[in-house]
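Below, chain A is the first sequence line, B the second, and so on; all start at residue 1. Keep in mind that the numbers below use all heavy atoms, side chains included, and drop hydrogens, waters and symmetry copies.
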Amino acid sequence: MNELIKITKPEIFNFQMCLKFLDRGYAECLYVVSNSSVKRLIRLTSGLALIEVYDDESNIIVKTSDKKLSSLDRKEIIAYVFDWFDLNRDIQAFYQLLLAHQQTKYFPERYHGLRLMGIVDLFEALCWCVIGQQINLTFAHKIKTRLVHKYGESEIVHGKTYYCFPKPEVLANLDRKELVAMQFSKQKINYVINIAQAFCQGQIDKTELLRLNKTEQMKKLTAIKGIGPWTANYVSMKCLRDMTCIAYGDTGLSSSLYKNFQTDKKPSHDVIDKVFEPYAGWESYLNFYLWRSLSPK
DNA sequence: ATCCAGGTTCGGG
DNA sequence: CCCGAACATGGA
């Protein structure tokens, strides 16, 4: 018997817009998007659970696979969806800022209700950054899929297999040869294993990081080999949900600034700061929307 | 063929 | 502090 969880939609929220972002053209192995819902396997304290998220007029609806949910399960599922879709945020002020500036005033209409879609799991977020470093995203998805299919937990529902991102414990003790075979570079292998070990040793933990201020978070993250300023900002934006992140040096951000703000093709740190200045407090959202504006429709 | 891709680290000036 | 090189391979 399926159980439905209903979440009232916040203001300025469009489920289809979020779905379109999730399904923007890359072969993603950690969730499955159809034209009206997204399914994904998540970890709860009690074990794995497949959730399907869709909507009606006024609610976001979460359907779970046919196991009986405890109240803790339900609480964790709701927390996950809130985090993933960034539901707990009033973005009206951001939209007003977008409208107030010539270069961004087309965003509220074109992307109305798009939320900053997150990566809830910190380890997954960090590994994804390392995987995506300096290679094209199509290839990045390809090697991520190999990793997830081989080391991630999975569950078969109605004949379809769904996957979770591998746990740090599994990746921390990997034979490097296996990753070479998946076309990871030696450098990426070192970084991934190193990050996995940092998790195993309790050196990083999402809950702990959330207690720190941003400067301390960045320091803690970049202390780990493989995590540079770009990754620290990306993760801070997509996982720790800091609203003031700018992905300096990001090639996508550069080309979006070139396109939307007529900056140089590779704007300097200072120029980027100037562009973002009027949107203070919403840098992460602006950065996200700027990325979004690069995808065709 | 050539250039670049959701960068990071390391060594050297 | 800033700069170039190495990493490593697919896609356009």
Nearest-angstrom distance, C1' atom, C:dC3 to B:dG6: 23 Å
P-based separation of B:dT8 from C:dG10 [nearest Å]: 22 Å
Min side-chain heavy-atom separation A:Leu72-A:Leu44 under 4.5 Å: no
Under 4.0 Å, heavy atoms only, any strand: does [X] hit a base, just the sugar-phosphate, or nothing?
| X | value |
| --- | --- |
| A:Lys186 | sugar-phosphate |
| A:Ile224 | sugar-phosphate |
| A:Ile227 | sugar-phosphate |
| A:Gly252 | nothing |

Residue pair A:Lys39, A:Glu155: steps toward the salt bridge (charged side-chain N to carboxylate O under 4.0 Å, His left out) verdict: CA-CA 12 Å; A:Lys39 294 182 199 172; A:Glu155 200 165 273; over 6 Å; no
Lys/Arg cation over aromatic A:Trp84: A:Arg115, 6.0 Å, 45° cone: no
In this structure, how many angstroms lie between the [atom2] atom of [N] and the [atom1] atom of [X], rounded?
| X | N | atom1 | atom2 | value |
| --- | --- | --- | --- | --- |
| A:Ile131 | B:dG6 | CD1 | C1' | 12 Å |
| A:Gln133 | C:dA8 | CD | P | 13 Å |
| A:Ile189 | C:dA8 | CD1 | P | 8 Å |
| A:Lys266 | C:dC3 | NZ | C1' | 12 Å |
| A:Met117 | B:dG6 | CE | C1' | 17 Å |
| A:Trp230 | B:dT9 | CH2 | P | 13 Å |
| A:Lys188 | B:dG7 | NZ | C1' | 8 Å |
| A:Leu179 | C:dC7 | CG | C1' | 15 Å |

Residue-level proximity of residues 240-251 of chain A to DNA chain C when a heavy atom falls under 4.0 Å: none
Residues A:Lys206 and A:Asp121 bridged, charged N to O under 4.0 Å: no
Salt-bridge contact A:Lys142-A:Glu28 (side-chain N to carboxylate O under 4.0 Å): no
Ring pair (Phe, Tyr, Trp, His ring centres under 6.0 Å) partner of A:Phe288, the single match among A:Tyr279, A:Phe21, A:Trp282: A:Phe21
Criterion side-chain contact (heavy atoms from CB on, under 4.5 Å) on A:Ile77 and A:Thr64, from CA distance to verdict: CA-CA 9 Å; A:Ile77 290 169; A:Thr64 57; 3.5 Å; yes
Any A:Lys225 side-chain N or O less than 4.0 Å from OP1/OP2 of B:dT8: no
Please list, for nucleotides 9-12 of chain C, all pairs of protein and nucleotide N/O atoms separated by less than 3.5 Å.
from	atom 1	to	atom 2	distance (Å)
C:dG10	OP1	A:Gln183	NE2	2.6
C:dG10	N3	A:Asn136	ND2	3.3
C:dG11	OP1	A:Lys142	NZ	3.0

Check: A:Arg24 side chain, B:dG6 base, donor-acceptor under 3.5 Å: yes
Contact summary for [X] and [Y], nearest pair of heavy atoms:
| X | Y | value |
| --- | --- | --- |
| A:Pro267 | A:Ile272 | O-CD1, 3.8 Å |
| A:Lys9 | A:Ile60 | CG-CG1, 3.9 Å |
| A:Leu114 | A:Tyr95 | N-OH, 3.9 Å |

